[in-house]
S.K.: 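Dropping the structure in here first, questions after.
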Amino acid sequence: MNKTDKIISQARKEDRKALLEAEAKTICSEYGITTTKFSLAKSEKEAAKIADQTGYPVVLKIVSPDIIHKSDAGGVMVNLKNKEEVTAAFNKILENAKTYKADAKIVGVLVQEMAKPATEIIIGAIKDPQFGQTLMFGLGGIFVEILKDVTFRVAPITEQEAAEMVVSVKAFPLLNGYRNTPPADVKAIVDLLMSVSKLVMDHPEIKELDLNPVLAYEKGTKTVDARIILE
Ligand code: ADP
Ligand code: MG
């Protein structure tokens, strides 16, 4: 069995519908999607050791099956520059999680490389009762949240359709570069959409997928957060 099947059947066994970020990212990797490197820490000592190996700055994130939106729970701390900051963040995140949901099951804290800033995009998939697996694309931040500048296609999509999705959002010119921001690697975004299409077509048991945000670099993309919800 491949990693994706193993992760999904393990979640089923535990009666969990929401996969953990590390699980979702492992599945993404199996489909050729580049994500931020991560490692699970169970103690502040372990967190500091992983951070040293990863190289600073790092990001720490809560890992709990009971916390889906990590920042809402004070569960994400970015730009940690040394061991002391990592140790403090580790304890603060656990404390915040407890305040947010006293009985939340805590698996640990994920220590990640801090991705360099770039134009943010969002890729989603939702299983529509009528059309089946449907893909969504938009640019991050206000474009999706406030302006609802998104586009949808029913999966599976061809390379041509993936390319159409990218150019069809109003914010597309931002991906061509502006001021100090270099143009994004549109081909890599197209490849990413194709990979997500394959992933959700291979796994009809995926009800929702959310890569938010993905950083669109001059060369390649990097998925910073991944969420997968099973049926
Ligand atoms: P959630 O969506 O569950 O609240 P995220 O993992 O998306 O949590 O983290 C919240 C925000 O923190 C992201 O939108 C991003 O701006 C920033 N962030 C998270 N992880 C990283 C990372 N590894 N590198 C850089 N920024 C990050
Ligand atoms: Mg997110």
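Atoms within a ligand are numbered from 1 in the order they appear, just like the ligands themselves.
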S.K.: Would you say Glu113 has any N or O atom under 3.5 Å from an N or O of ligand 1, going by distance alone?
M.R.: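 Such a contact does occur with ligand 1.
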
S.K.: Looking only at protein heavy atoms, identify the closest one to atom 6 (O) of ligand 1 and say how far it is in Å.
M.R.: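 In this structure, atom 6 (O) of ligand 1 has Lys61 NZ, 2.7 Å as its nearest protein heavy atom.
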
S.K.: Would you say Ser71 reaches the Mg ion (ligand 2) with an N/O/S atom under 2.8 Å?
M.R.: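 For Ser71, the answer is no, given that no N, O or S atom comes within less than 2.8 Å of the Mg ion (ligand 2).
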
S.K.: Just to confirm my output: which protein heavy-atom neighbour is closest to atom 27 (C) of ligand 1, and how far is it?
M.R.: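 Checking every protein heavy atom, the shortest distance to atom 27 (C) of ligand 1 gives Val224 CG1, 3.5 Å.
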
S.K.: Do any nitrogen or oxygen atoms of Asp72 come within less than 3.5 Å of a nitrogen or oxygen of ligand 1?
M.R.: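 There is no such contact.
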
S.K.: Do Ile33 and Val186 sit in the same hydrophobic cluster, where Ile, Leu, Val, Met, Phe, Trp and Tyr count as joined when their side-chain heavy atoms come under 4.5 Å apart?
M.R.: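 Yes.
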
S.K.: Counting heavy atoms only, which of Val58, Val78, Val59 comes nearest to atom 22 (C) of ligand 1?
M.R.: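 Going through Val58, Val78, Val59 one by one, Val59 has the nearest heavy atom to atom 22 (C) of ligand 1.
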
S.K.: List the closest protein heavy-atom neighbour of atom 4 (O) of ligand 1: residue, atom name, distance to the nearest 0.1 Å.
M.R.: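 Result for atom 4 (O) of ligand 1: Ser71 OG, 2.3 Å.
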
S.K.: Is there a chain of hydrophobic side chains (I, L, V, M, F, W, Y, each step under 4.5 Å between heavy atoms) that links Val167 to Ile123?
M.R.: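 Linked, Val167 and Ile123 end up in one cluster.
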
S.K.: So, regarding Ala115 and ligand 1 (criterion: nitrogen or oxygen to nitrogen or oxygen, under 3.5 Å), is there a contact or not?
M.R.: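 Between Ala115 and ligand 1, an N or O pair is found under 3.5 Å apart.
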
S.K.: Just by distance, no angles: are the side chains of Glu113 and Thr54 close enough, under 3.5 Å, to form a donor-acceptor pair?
M.R.: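 Distance-only check fails for Glu113 and Thr54.
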
S.K.: Identify whether the distance between the nearest side-chain nitrogen and carboxylate oxygen of Glu21 and Lys70 falls below 4.0 Å.
M.R.: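 Counted as a salt bridge, because a side-chain N and a carboxylate O are separated by less than 4.0 Å.
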
S.K.: Any nitrogen or oxygen of Lys70 lying under 3.5 Å from a nitrogen or oxygen in ligand 1? Just yes or no.
M.R.: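 Yes: some nitrogen or oxygen of Lys70 is under 3.5 Å from one in ligand 1.
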
S.K.: Can you pull out the closest protein heavy atom to atom 14 (O) of ligand 1? Residue, atom name and distance to 0.1 Å, please.
M.R.: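 Checking every protein heavy atom, the shortest distance to atom 14 (O) of ligand 1 gives Pro213 CD, 3.4 Å.
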
S.K.: Could you pull out the atom name of the N/O/S atom in Asp225 that is nearest the Mg ion (ligand 2)?
M.R.: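 Looking only at N, O and S atoms of Asp225, the one nearest the Mg ion (ligand 2) is named OD2.
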
S.K.: Can you tell me if Glu23 uses its side chain to pair, donor with acceptor, with the backbone of Leu20 under 3.5 Å?
M.R.: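 Yes, Glu23 side chain to Leu20 backbone: donor-acceptor pair under 3.5 Å.
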
S.K.: Taking a hydrophobic cluster as the set of Ile, Leu, Val, Met, Phe, Trp and Tyr residues connected by side-chain heavy atoms closer than 4.5 Å, whether directly or through intermediates, do Val63 and Phe38 fall within one such cluster?
M.R.: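 Same cluster: Val63 reaches Phe38 through Ile, Leu, Val, Met, Phe, Trp or Tyr contacts under 4.5 Å.
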
S.K.: Within a strict 4.5 Å, meaning less than it, do heavy atoms of the Lys98 and Leu94 side chains meet?
M.R.: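 Answer no - side chains too far apart.
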
S.K.: Checking only N/O/S atoms, does Asp210 have one that is under 2.8 Å from the Mg ion (ligand 2)?
M.R.: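 No.
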
S.K.: Does some side-chain heavy atom of Ile228 sit less than 4.5 Å from a side-chain heavy atom of Glu208?
M.R.: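 SC-SC contact between Glu208 and Ile228 ruled out.
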
S.K.: Any idea which atoms of ligand 1 are less than 4.0 Å away from a heavy-atom of His69?
M.R.: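 Answer, ordered by atom number: 3 (O).
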
S.K.: Taking the non-hydrogen atoms of Leu215, is any one of them nearer than 4.0 angstrom to ligand 1?
M.R.: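 Under 4.0 Å: no for Leu215.
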
S.K.: Just by distance, no angles: are the side chains of Thr36 and Gln112 close enough, under 3.5 Å, to form a donor-acceptor pair?
M.R.: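 Distance-only check passes for Thr36 and Gln112.
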
S.K.: Tell me the protein heavy atom at minimum distance from atom 2 (O) of ligand 1, and give that distance in Å.
M.R.: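 Answer, as residue, atom name and distance: Asp225 OD2, 3.0 Å.
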
S.K.: Mark whether atom 11 (C) of ligand 1 lies under 4.0 angstrom from at least one protein heavy atom.
M.R.: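 Under the 4.0 Å cut-off, atom 11 (C) of ligand 1 has no protein heavy-atom neighbours at all.
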
S.K.: Looking only at the side chains, is there a donor atom on one of Arg179 and Thr181 sitting less than 3.5 Å from an acceptor on the other?
M.R.: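 No pair is found: no donor N or O on one side chain lies under 3.5 Å from an acceptor on the other.
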
